[in-house]
Undergrad: 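Starting off with a structure, shown below.
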Amino acid sequence: RWVSREDARARRHALRASPRPARTARWTAPARVDELGGTTDSVFPCAVAQDALVMIFARGSGAQHLYLATRISSGSPWEETGVIDELSGDGSDREAWLSPNGLFIYFASDRSASLGSFDIYRSQRDDPNGTLESPTQLGAPLNTADFESDPWLSPDLRHIMFVRGASSRSIYEAFRQ
C-alpha cells in the first residue's frame with residue numbers, strides 16, 4: 001500500500017511503502033521510498049499499476065506535476081522517468097488514479113480550465129505504453145465551483161468516488177449507466 005505522510009524532520013511529504021509477502025500476511029512497517037523523494041520537493045499520493053511496476057505520483061515545492069516511475073520487478077527500486085508532459089497544465093496536477101488496464105488516468109488539477117479550485121480531469125491512450133491524449137475536464141455536474149479531487153473508479157469505469165470540499169471534505173460518488 002502506498003501512502004503519503006508528512007516527514008516531520010524535513011517538513012515535507014514523502015512516499016512510504018508498506019509491502020507484505022502475501023495477501024494473508026501482515027503489512028510491514030512503512031518505509032520511505034527515498035529514490036523518488038528529492039531533497040526540496042514534496043512527494044504526494046500516487047497511483048500504482050496492478051502489476052506494481054508503474055507508478056504515477058505528484059511532486060513539487062510549489063505547483064505539483066505528475067511524474068512517472070517504473071521498476072523491473074515488484075521488489076526492485078523505483079526509477080523515475082520524468083514529468084508526464086502530456087498531462088502537465090498551467091497549474092498543479094496531483095492525486096492520480098490509473099485504470100487496471102493502464103489506458104485511463106484520472107487526476108485533480110487547478111489549471112485555468114477548472115470550474116473551481118481543483119477539478120477532476122481524464123486522459124486516455126490506446127496502448128498502456130502509448131502517448132496520452134490531452135486531458136479533458138469532466139465537467140458539471142461532477143466538477144463544481146468547489147474543490148474536487150482524489151478520484152477512484154471501478155474497474156469498468158462506470159462508478160467514481162472522489163473528494164469534494166476545500167475545508168470540510170466529503171466523499172462523493174457518481175455512476176453512469
Side-chain angles (χ1 to χ4, degrees), residues 1-20 27-111 114 117-125 128-138 147-153 155 157 160-163 169:
R1 199 84 183 144
W2 296 94
V3 297
S4 175
R5 301 204 39 164
E6 183 177 343
D7 180 13
R9 292 171 293 150
R11 296 282 185 228
R12 63 186 180 101
H13 290 80
L15 288 177
R16 298 180 185 272
S18 179
R20 60 183 179 178
W27 294 103
T28 61
R32 288 176 57 111
V33 182
D34 288 325
E35 63 264 30
L36 300 178
T39 57
T40 59
D41 290 344
S42 289
V43 181
F44 294 92
C46 60
V48 178
Q50 280 188 330
D51 62 7
L53 303 180
V54 175
M55 180 191 332
I56 298 170
F57 65 98
R59 185 171 72 199
S61 56
Q64 296 94 41
H65 297 287
L66 296 173
Y67 287 75
L68 182 68
T70 60
R71 59 184 177 179
I72 56 173
S73 71
S74 62
S76 301
W78 290 100
E79 199 172 303
E80 181 186 316
T81 61
V83 173
I84 305 172
D85 291 326
E86 300 95 333
L87 301 181
S88 289
D90 59 357
S92 285
D93 302 318
R94 61 188 196 192
E95 298 163 349
W97 177 88
L98 179 64
S99 66
N101 62 11
L103 301 180
F104 297 92
I105 297 174
Y106 286 71
F107 62 96
S109 180
D110 67 350
R111 56 188 66 197
S114 295
S117 58
F118 271 85
D119 283 342
I120 299 172
Y121 287 76
R122 179 183 91 162
S123 181
Q124 67 184 65
R125 55 189 166 192
N129 297 314
T131 302
L132 289 159
E133 294 178 0
S134 294
T136 304
Q137 194 250 47
L138 296 186
F147 176 99
E148 285 85 27
S149 67
D150 205 13
W152 290 85
L153 284 85
L157 306 178
I160 184 172
M161 296 183 77
F162 60 98
V163 172
R169 296 180 180 190

Undergrad: Does a salt bridge link Arg125 with Glu86, judged by any charged N lying under 4.0 Å from a carboxylate O?
TA: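 No, Arg125 and Glu86 are not salt-bridged.
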Undergrad: What verdict does the side chain to side chain donor-acceptor pair (under 3.5 Å) test give for Ser99 and Tyr106, after you've listed the backbone C-alpha separation in whole Å, the side-chain angles of each residue and the deciding distance to 0.1 Å?
TA: CA-CA 8 Å; Ser99 66; Tyr106 286 71; over 6 Å; no
Undergrad: Taking distance alone, no hydrogens or angles, what donor-acceptor pairs closer than 3.5 Å link side-chain atoms of residues 128-135 to residues at least two apart or in another chain?
TA:
none

Undergrad: Please tell me if the side chains of Leu68 and Val54 come closer than 4.5 Å, counting only heavy atoms from C-beta onward.
TA: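 SC-SC contact between Leu68 and Val54 confirmed.
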Undergrad: Might you point out which heavy atoms bring Val48 and Ala52 nearest each other, and give the distance in Å?
TA: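 Shortest heavy-atom contact: CG1-CA, 3.8 Å.
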Undergrad: When rounded to the nearest 0.5 angstrom, what is the spacing between CZ in Phe162 and CZ in Phe147?
TA: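 Between Phe162 CZ and Phe147 CZ, I get 12.0 Å after rounding to 0.5 Å.
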Undergrad: When rounded to the nearest 0.5 angstrom, what is the spacing between OG in Ser114 and CD in Glu148?
TA: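 Here the rounded value is 9.0 Å.
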Undergrad: Less than 4.5 Å apart, side chain to side chain, heavy atoms only: is that true for Cys46 and Ile56?
TA: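 Heavy-atom side-chain distance check fails, nothing below 4.5 Å.
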Undergrad: Less than 4.5 Å apart, any side-chain heavy atom of Arg111 and any of Tyr121?
TA: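 Arg111 vs Tyr121: side chains touch.
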Undergrad: Between atom CD of Gln64 and atom CG of Asp110, what is the distance when rounded to the nearest 0.5 Å?
TA: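 Rounded to the nearest 0.5 Å, the CD-CG separation comes to 8.0 Å.
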Undergrad: Would you say the side chains of Asp93 and Ser109 form a donor-acceptor pair under 3.5 Å?
TA: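 Judged by distance alone, the side chains do pair up.
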Undergrad: Can you tell me how far CD1 of Ile84 sits from CG of Leu66, rounded to the nearest 0.5 angstrom?
TA: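 If we round to the nearest 0.5 Å, Leu66:CG and Ile84:CD1 are 5.5 Å apart.
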Undergrad: Apply salt bridge (charged side-chain N to carboxylate O under 4.0 Å, His left out) to Arg122 and list each qualifying residue two or more places apart in sequence or on a separate chain.
TA: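 In terms of salt bridge (charged side-chain N to carboxylate O under 4.0 Å, His left out), with neighbours along the sequence ignored, Arg122 is linked to no residue.
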Undergrad: What's the separation between atom CG in Leu103 and atom CG in Leu98, rounded to the nearest 0.5 Å?
TA: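 Result: 9.0 Å between the selected atoms.
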Undergrad: Where do Gly91 and Ala63 come nearest, in terms of heavy atoms and distance?
TA: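 Looking at all heavy atoms of both residues, the shortest contact is O-CB, 4.2 Å.
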Undergrad: How long is the span from the CG atom in Asp150 to the CZ atom in Phe107, to the nearest 0.5 Å?
TA: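 So the CG of Asp150 and the CZ of Phe107 are separated by 14.0 Å.
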